[in-house]
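Here the structure is a predicted model, which is why all the values come from computation and not from measurement. Values below: all heavy atoms of this structure, side chains included; hydrogens, waters and symmetry mates excluded.
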Amino acid sequence: DDIPPVNSQAAERLGYPTQKPVALLERIISASCPPGGLVLDAFMGSGTTVEAAERLGRRFIGIDNGKYAVHLARKRLITLHGQPRPPAQEQHDYVECETCKNIERKAKGQKSPGRFEVRPFSVESVGVYLGGQPWIDALGEGSAWRAEMVKVFGGEPSEVHPQLHGRKEDAWVFVGPLDQPVQERTAWAVARAAADTELHAVELLSADLDPLPQGARDELLRVTGVRVTVRVIPQAAIDQVRQRLSRGKSLDGALESMAIPAFYTPLAISLRAVVDGPVVKLSLERCEVDAQSFIRSQRPALKAPLKGRPTPRARRPRPSARAGRPGRRR
């Protein structure tokens with residue numbers, strides 16, 4: 001009871017109703033986890049446990065199903081870096097009060113032993129945040145949402161093969177499920193299906209993350225001769241498909257939005273490490289940036305003309321009052 005709770009005026013308050021003080025978590029971790037041990041918080045929330053573990057030099061794993069909680073914990077760790085460390089043990093002086101002459105115990109001012117140096121950590125996105133919409137569950141596997149996704153992507157639906165859902169320029173388009181990423185075995189099946197056609201390139205649309213490392217794509221190209229490009233389905237594209245299907249009919253032609261949703265290809269980096277005793281040299285072998293998706297997403301799309309209504313013709317500008325009529329002097 002010597003640690004005050006996180007009240008409404010506390011500096012560390014972040015808005016979580018069950019948020020605990022950092023000092024309380026530090027005491028629990030110090031008493032239950034040895035130095036260098038591993039702390040697991042499966043319901044991370046605001047990230048107090050991972051910050052306390054980092055303060056004490058413990059390893060940690062924090063899990064939460066909310067993006068806000070993950071990014072909040074990440075921000076707390078980044079903010080902790082460089083802050084002064086509190087003294088290892090507080091020291092006090094006993095001084096006499098000038099008014100009542102009583103002996104009081106006061107904390108002695110101490111110099112910080114240094115600053116926090118937050119160790120490298122990673123944020124792993126294992127869950128899928130784009131799925132779970134009721135309209136996806138009601139559509140089923142053979143419904144029209146895949147064809148609409150191909151159109152939003154800028155391609156044309158196709159029925160050449162069950163796993164080749166459309167075609168865009170010189171590549172086939174495969175649309176993966178929206179409730180989970182595309183599995184690697186599915187990518188192999190799609191590549192083998194494309195190998196039997198005249199197009200040996202596939203644009204594979206996957207939800208939430210890239211399921212294929214660069215090595216797996218190189219192996220696909222070597223075995224099947226098909227170049228597989230993985231693109232992440234953005235939330236804007238899912239919203240477009242939902243709007244189209246909610247109107248009860250397919251919308252052909254250009255998108256009604258002012259920009260095409262960008263199906264980005266994740267950044268691909270290849271590093272080569274050379275170890276020479278205690279020295280490790282890293283060289284950048286390859287760095288692929290998907291700039292074309294960004295350029296295409298910024299291209300404005302015009303609305304398709306309504307059927308049954310003629311396109312208005314451009315009118316000639318009327319001559320001004322000052323301008324004379326043709327063939328007539330002023």
Minimal heavy-atom distance between Ala216 and Glu184, with the atoms involved, is CB-OE2, 3.7 Å

Checklist entry - With a 4.5 Å limit on heavy-atom distance, are the side chains of Glu54 and Arg119 in contact? => result yes

query: Judged by atom type as modelled, is there a donor-acceptor pair below 3.5 Å linking the side chain of Glu117 to the main-chain atoms of His81?
result: no

Practice item. Please check if atom CD in Glu98 has more than 12 non-hydrogen atoms from other residues, nucleotides or ligands closer than 6.0 Å. Key: no

ask   = So with a 6.0 Å cut-off around CG of Asn7, is the heavy-atom count from everything else above 12?
value = yes

Here the pair of heavy atoms bringing Lys20 nearest to Thr48 is O-CG2, 3.4 Å

Backbone N/O of Val230 and side chain of Glu203: donor-acceptor pair under 3.5 Å: no

_For Thr224 and Trp188: C-alpha separation, side-chain torsions, deciding distance, then whether side chain to side chain contact (heavy atoms under 4.5 Å, CB included) applies._
CA-CA 9 Å; Thr224 64; Trp188 277 93; 4.2 Å; yes

Shared ILVMFWY cluster between Val39 and Ile61, side chains joined below 4.5 angstrom? no

So CZ of Arg55 and CG of Leu25: to nearest 0.5 Å the spacing works out to 11.0 Å

Quick note, side chain to side chain donor-acceptor pair (under 3.5 Å) partners involving residues 25-40, not counting sequence neighbours, are Asp2-Arg27

Given the options Leu205, Thr186, Leu164, Val228, Phe174 meets side-chain contact (heavy atoms from CB on, under 4.5 Å) only with Thr186

Residues 22-79 vs ring pair (Phe, Tyr, Trp, His ring centres under 6.0 Å), sequence neighbours excluded, gives none

Looking only at heavy atoms, the pair that brings Val280 and Ala273 closest together is CG1-CB, 4.4 Å

Tell me if a side-chain donor or acceptor on His200 pairs with a main-chain N or O of Thr197 at a distance below 3.5 Å. yes

| said: Under a 4.0 Å threshold between the charged nitrogen and the carboxylate oxygen, would Arg167 count as salt-bridged to Glu156? | reply: no

* Under 3.5 Å donor-acceptor, Ser46 side chain and Gln19 backbone -> no

Checklist entry - Linking I/L/V/M/F/W/Y whenever their side-chain heavy atoms sit closer than 4.5 Å, directly or via other members, would Leu80 and Val123 fall into one cluster? => result yes

Given side chain to side chain contact (heavy atoms under 4.5 Å, CB included), test Thr229 with Val202 step by step and report yes or no. CA-CA 6 Å; Thr229 302; Val202 174; over 6 Å; no

| query | Is the shortest heavy-atom distance from the side chain of Val173 to the side chain of His165 under 4.5 Å? | reply | no

Separation between CD (Gln240) and CD (Glu148), nearest 0.5 Å, reads 10.0 Å

* **Heavy-atom side-chain contact between Met149 and Ile238 under 4.5 Å** => yes

To the nearest 0.5 Å, atom CZ of Arg227 lies from atom CG of Leu199 at 10.5 Å

Q) Does a side-chain heavy-atom distance below 4.5 Å link Val175 with Trp145? A) yes

Problem set entry | Beyond-backbone contact of Val232 with Phe263, side-chain heavy atoms, under 4.5 angstrom | no

Query - Side chain to side chain, Arg76 and Leu14, heavy atoms closer than 4.5 Å - result: yes

| query | Hey, does Arg59 have a side-chain heavy atom less than 4.5 Å from the side chain of Leu38? | reply | yes

Keeping the roles fixed (side chain from Arg58, backbone from Leu56), state whether a donor-acceptor pair exists under 3.5 Å. yes

Residues Pro5 and Pro21: closest non-hydrogen pair is CA-CG, 4.1 Å

Expected output: side-chain Arg13 to main-chain Val6 donor-acceptor under 3.5 Å
yes

Taking every heavy atom of Gly45 against every heavy atom of Asp64, the minimum-distance pair comes out as N-OD2, 2.8 Å

Note: Val182 and Pro177 closest approach over all heavy atoms is CG2-CD, 4.4 Å

Do Lys168 side-chain atoms and Phe153 backbone N/O form a donor-acceptor pair below 3.5 Å?
yes

Does the side chain of Arg222 reach to within under 4.5 Å of the side chain of Glu219, using non-hydrogen atoms? yes

Rounded to the nearest 0.5 Å, the CG atom of Asp41 sits from the CD1 atom of Ile63 at a distance of 8.5 Å

